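This report refers to the structure that appears directly beneath it.
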Amino acid sequence: MTRFKAAAIHLGVCAVVGGILLALFWFVWYPDPLFRAVGGLEVFLVVLAVDVVLGPALTLTVFKPGKKSLKMDLAIIAIVQVAALLYGTSTLLLGRPVYVAALGARFDVIRASEVAESDLVAAKRALPMWGPEWVGIREATDRAERERILMSALAGADYGHMPQHHAPIESMREEILKFAKPIAELRMRNKGRDGELTAWLQARGLTDESVLFQGLKARGEDMAVVLDATTAKVIGIAPFKPWD
């Protein structure tokens, strides 16, 4: 076997693994456009580069038929590549969005690493594994718990981070509609992108009059949650700036 053939086989295997990971991250764990909103795309591209590019390139460099240390060299490449892949994948899984929480006046993206184990125990549930869940919230009635959440919110962890206080998003219909804003305001905040916004709406059979929006707070980039103007049903996340 020539080194070019060995590198090509290695590249083929890595491409298959990379394709599977891309599908899982892009369509399941970070459904578009949450990859961009959360800010995980850069990490994923590094992981993909190590998996698809670096490994086969090293194989091309070290492979030489009859070389005494060939098996050892290839084993080291495989170990380093698998270790880097596992580390990158685990990092992305910890950073994946697990909840998109309606707080009334805005939505928050909650990542797996931001949910405390004690809150999961209190909620008697595990984190969603196959994509983020859209949830509403139910305010605490206990005074001590309300004070705890207030202090936690000052540090950046609000009701959305605490699954024991989650509720069906449908239960917040009136509150969501009360604070939702017309698309005209979204256009105003995204001057020069009128055509993009119109195209986003038309692709879904929508008009400015049929929908409203609320802001989505995320780690990487804030976006807009587009809602049905009558039912408050979530239509999707639009990659447009929701506030100044």
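Small disclaimer: the values here were computed from a predicted structure and weren't measured.
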**Item:** Side-chain donor or acceptor of Y159 paired with backbone N/O of A140 under 3.5 Å
**Value:** yes
**Item:** Side-chain donor/acceptor of Y30 to backbone N/O of L92, under 3.5 Å
**Value:** yes
**Asked** Taking atom CD of E209 and atom CG of L201, what is their separation to the nearest 0.5 Å?
**Response** 10.0 Å
**Asked** From T141 OG1 over to H165 NE2, what is the distance, rounded to the nearest 0.5 angstrom?
**Response** 8.5 Å
Counting neighbours of [atom1] on [X] that are heavy atoms of other residues, nucleotides or ligands and sit closer than 6.0 Å, is the number greater than 12?
X    : atom1 : result
Y87  : OH    : no
K178 : NZ    : no
M129 : CE    : yes
M188 : CE    : yes

If you look at every heavy atom in [X] and [Y], which pair is closest and at what distance?
X    : Y    : result
P242 : L186 : CA-CD1, 4.1 Å
F107 : V100 : CD2-CG1, 4.1 Å
R187 : L197 : CG-CD2, 3.4 Å
M172 : A102 : SD-O, 3.3 Å
R138 : A167 : NH2-CB, 3.6 Å
A180 : L227 : CB-CD1, 4.2 Å

[X]/[Y] ion pair, N-O < 4.0 Å:
X    : Y    : answer
R148 : E145 : yes
D222 : K217 : yes
E185 : R189 : yes

**Item:** Test log, rule side-chain contact (heavy atoms from CB on, under 4.5 Å), inputs I169 and I176
**Value:** CA-CA 9 Å; I169 193 171; I176 290 172; 4.1 Å; yes
**Asked** Taking it one step at a time, do F44 and W26 satisfy ring pair (Phe, Tyr, Trp, His ring centres under 6.0 Å)?
**Response** CA-CA 10 Å; F44 179 76; W26 196 266; 8.1 Å; no
**Request:** Would you check, one step at a time, whether the test side-chain contact (heavy atoms from CB on, under 4.5 Å) holds for I77 with H10?
**Result:** CA-CA 11 Å; I77 291 172; H10 193 168; 4.1 Å; yes
